[in-house]
Amino acid sequence: MIKLPGLIDPHVHFREPGASHKEDWDTGTSAALAGGFTMVLAMPNTKPPIFDAETLDIALNTAKGKARCDYGQYVGAGPDNADKVAALADKAAALKMYLDMTFGQLRLDDMTLWIPHFEKYPKEYPIVAHSESRSMAAAILFAAIHDRPVHIAHISSKEEVLLIKAAKEKGIKVTCEVCPHHLFLTSPSPIFEENGGGPGRGRMEVRPRLATQKDVDALWENLDVIDCFATDHAPHTLEEKDSDNPPPGFPGLETALPLLLTAVDAGPFGAAQGRRLTLDDLIQKMNINPKKIFHLPDQPETWIEVDETAAYEIKASEQFTRCGWTPFEGWKVKGRVRKVILRGKTAFEDGKILVEPGYGVNIRK
Ligand code: DOR
Ligand code: ZN
């Protein structure tokens with residue numbers, strides 16, 4: 001049995017308010033605990049989006065009554081709310097800016113709309129940018145011009161990791177995260193191609209899209225550039241994923257740790273290609289770095305116990321997420337979360353959630 005600090009996921013989507021048939025604060029934070037996460041930061045692209053004092057209150061009140069692990073709530077950057085969100089910074093996890101096309105309505109196309117947010121959001125918190133490829137380069141330029149931290153969400157490509165490496169070498173305040181699905185899945189991918197153009201195809205939809213093997217290799221080769229592992233837990237139901245208009249996103253809270261522990265054990269592509277990930281890396285990227293980047297508080301008397309020898313197959317039917325599927329169905333992994341202790345209380349043990357809704361606390365209070 002190994003003991004690890006409670007994991008921190010700086011990027012999850014719980015669908016409350018607005019789409020709790022996909023997930024809500026109860027099922028989402030239960031999935032977090034089952035996956036070994038004791039703290040999660042929730043994204044603002046709900047319905048309505050979280051972008052001012054009223055909507056932040058709605059999200060925080062819901063979380064207060066329902067969350068089973070500790071949490072923070074992002075505010076979203078809109079075309080004309082820079083003053084409002086800056087004033088909410090001490091109550092929010094951080095500011096999220098959507099600079100590319102994805103799920104929800106919070107998108108900022110015009111770069112002139114970015115300026116007030118970069119000027120006004122307090123510099124002790126990062127601006128988290130959903131920015132791919134060239135818009136990522138633009139977001140890093142904005143960080144340099146305004147001499148403030150920007151955290152690039154879910155990087156997925158070789159060009160992105162190499163550009164971030166170069167920007168860090170110049171002293172620009174940029175950090176980044178990568179998601180397990182961008183480390184373990186590629187496009188085209190046999191598991192999704194089986195159905196050809198058929199209904200199963202929508203299941204591979206995710207933003208950023210799954211990338212090529214060359215990109216995946218570059219992420220593994222440059223793990224030292226990557227500050228955090230984040231799940232981008234983005235639950236949509238199977239019915240929605242298999243529809244004519246499949247929304248992008250994968251659930252990820254309950255598969256991240258076993259996938260990454262399997263990579264620690266055998267290397268990402270099997271032991272033959274060597275181990276590119278250590279347990280120490282994992283602790284850095286899933287606890288120490290997110291805590292530093294987002295200024296998150298300590299969680300006293302908090303740890304998780306993992307049976308690193310337990311080998312099993314991932315099954316959606318055993319998960320707590322409401323969405324009912326996983327892109328990793330049937331994957332053989334090694335490493336099972338046995339116990340989660342959160343602030344002195346056993347919150348999860350042997351497949352059972354043992355704390356009530358409302359046990360989780362807001363990390364910004
Ligand atoms: O695949 C994604 N799904 N990417 C995002 O940026 C948003 C997310 C969602 O909310 O479903
Ligand atoms: Zn996301």
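Heavy-atom basis, side chains included; hydrogens, waters and symmetry copies ignored. Residue numbers count from 1 along this sequence. Every number for a ligand or one of its atoms is a count from 1 in the order of the listing.
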Identify, by name, the N, O or S atom of D232 lying closest to the Zn ion (ligand 2).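 The closest N, O or S atom of D232 to the Zn ion (ligand 2) is OD1.
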Given R207, H11, R15, M43, which has its nearest heavy atom closest to atom 9 (C) of ligand 1?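 The nearest heavy atom belongs to R15.
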Does any N, O or S atom of H13, backbone or side chain, fall under 2.8 Å from the Zn ion (ligand 2)?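 So H13 does bind the Zn ion (ligand 2) by this criterion.
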Taking N, O or S atoms only and a limit of 2.8 Å, check whether H154 reaches the Zn ion (ligand 2).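 So H154 does not bind the Zn ion (ligand 2) by this criterion.
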May I ask you to identify, for E205, whether its side chain, its backbone, both or neither come under 4.0 Å of ligand 1 on a heavy-atom basis?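 Neither; no heavy atom under 4.0 Å.
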Taking atom types as modelled, find out whether [X] and [Y] have a side-chain donor-acceptor pair closer than 3.5 angstrom.
X: E16; Y: S20; value: no
X: E124; Y: H295; value: no
X: N245; Y: S243; value: no
X: T262; Y: D265; value: no
X: T278; Y: D280; value: no

Would you mind running through ligand 1 and noting each atom that sits below 4.0 Å from a heavy atom of V206?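 Ligand 1 atoms under the 4.0 Å threshold to V206: 1 (O).
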Identify, by atom number and element, the atoms of ligand 1 in contact range of A234, meaning under 4.0 Å from any of its heavy atoms.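 In order of numbering, the contacting atoms are 3 (N), 8 (C), 9 (C), 11 (O).
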What's the shortest distance from atom 7 (C) of ligand 1 to any protein heavy atom, and which residue and atom give it?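 Among all protein heavy atoms, the one nearest atom 7 (C) of ligand 1 is T102 OG1, 3.2 Å.
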Looking at ligand 1, does any of its N/O atoms fall within less than 3.5 Å of an N/O of [X]?
X: P248; answer: yes
X: G249; answer: yes
X: Y98; answer: no

So do the side chains of [X] and [Y] get within less than 4.5 Å of each other, counting heavy atoms only?
X: H151; Y: F294; result: yes
X: Q73; Y: P44; result: yes
X: T231; Y: F37; result: yes

